[in-house]
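One-based numbering, in listed order, for ligands and for the atoms of each.
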Amino acid sequence: MLQNIIQKIENKQQLLPEELRFILDLKEREDMNSIFQKAYEIKEKHIGRKSYFRGIIEFSNICAKDCYYCGIRKSNSNVDRYMMDEAEIMEGAIWAHENNYGSIVLQSGEREDEKFVSFIESILQQVKEKTNGELGITLSLGEQTKKTYQRWYDAGAHRYLLRIESTNEEIYKSLHPQDHDFGRRYQCLKDLRETGYQVGTGVMIGLPGQTTEDLVNDIIFFKENDIDMIGMGPYIEHKDTPMAGCFENFDAIKGDQYLLGLKMIAATRIYLEDVNIAATTALQALNPFGREMGIKAGANIIMPNITNTQYRESYQLYDNKPCIDEDSSLCKDCLSNRIGGVEETIGFNEWGDSPHFKKRQQQEN
Ligand code: 5AD
Ligand code: FES
């Protein structure tokens, strides 16, 4: 079966769901490596031996939601809540620009109040103004009304990340309180697309009760919804959440979670080909070389943390998040070396748009 699949990939034939599943179920490291290599070749064909940096600023951990897996959920009283002010966020954005990062990601807990919405609007306008429109801006601020998405788009944001978390609605329900609605989240993805954003989504990999069939359905969902960017990573326990303890011994399955994360990146690259795929920090939380290996398995985006070090301790979505102590310049050097170590160059000063998005734009014009 493996040889057959590799042959199909080489012949540019689309894989069947059961073949994707076969990839996700691979057990032998050697077999996985041959799939990772094929995924890397596809990435190389569409993007080159190149990865893009997005400096991520986690500017607030104040959150109105209560997802059962997430360390900054509103019911976790062990978290020191913070909100960076405008000057602090701008400092991060300008640092990114001066250090030749093509773009930044602004991420925080979820809020929909007008004060928050207009605060973001003002930040976006300032970033555009102070960087001569050169710095690309991605938002990762959760579910919002279409009107809000439009306001932020008009103010200068052009990409948005909103993970669907799991396309299996039963699993989605089991991860969230009743008032968190799968239908609304899906509608948000449609609203983002209609507004004109490059749309990113993704899932958590290795959730309790999730099968490889579910993960195959996730990949098919990305394709059917014409998604431009994928950000996904292994699920990792956070001790202060209701889901801690779902697995009898999480430490014992860390290695499997990590490998499943890599196989998911490779299978997604093979099936979708020309999208941007992030090698997420969660991979590195499970393995010191996780992000480099993500690149080797077909990812092309890295998101170095450029949040002020003083706040990092308080923005832990899962346990043992790496890079809590390093400042941004250390992170940059460390990541540059790491990427150089896998013979990739970094697309400094480039937005690094998803080739998939560019193609769609050309077709529409
Ligand atoms: N493990 C892995 N990923 C997580 N996220 C939140 N909590 C966890 C966790 N415990 C991911 C979610 C969210 C993104 C910002 O972080 O997928 O969309
Ligand atoms: Fe932050 Fe290496 S990526 S220290």
Discussion item. Using the rule given for ring-ring contact (aromatic ring centres under 6.0 Å, His included), can you reason through Y101 versus W95, listing the C-alpha separation, both sets of side-chain angles and the distance that settles it, and then say yes or no?
Written reply: CA-CA 9 Å; Y101 282 34; W95 183 91; 5.5 Å; yes

Item to complete: Step through the shown structure and confirm whether more than 12 heavy atoms of other residues, nucleotides or ligands are within 6.0 Å of CZ on F348.
Response: yes

Worksheet item: What residues form a side-chain hydrogen bond (donor to acceptor under 3.5 Å, both in side chains) with D353, not counting sequence neighbours?
Response: R159, Q198

Worksheet item: Got a sec, which pairs hit salt bridge (Lys or Arg N to Asp or Glu O under 4.0 Å) with one end in residues 77-103, sequence neighbours left out?
Response: none

Worksheet entry | Protein residues that have a heavy atom under 4.0 Å from any atom of ligand 1, sorted by chain and number | Y69, C70, Q107, R163, E165, M204, P234, Y235, I236, L317, Y318

Item to complete: Measure the spacing between CD of E19 and CG of N4 and express it to the nearest 0.5 Å.
Response: 7.0 Å

Enumerate, atom names and distances included, each donor-acceptor pair closer than 3.5 Å involving a side-chain atom of residues 259-276, sequence neighbours excluded.
unit_1 : atom_1 : unit_2 : atom_2 : d
K263   : NZ     : L24    : O      : 2.9
K263   : NZ     : L26    : O      : 2.7
T268   : OG1    : M264   : O      : 2.7
R269   : NE     : G298   : O      : 2.7
R269   : NH1    : E273   : O      : 2.7
R269   : NH1    : V275   : O      : 2.7
R269   : NH2    : V275   : O      : 3.3
R269   : NH2    : G298   : O      : 2.9
R269   : NH2    : N300   : OD1    : 3.2
E273   : OE1    : H46    : NE2    : 3.0
D274   : OD1    : H356   : ND1    : 2.9
D274   : OD2    : H356   : ND1    : 3.4
D274   : OD2    : K359   : NZ     : 2.8
N276   : OD1    : N300   : ND2    : 2.9
N276   : ND2    : G352   : O      : 3.0

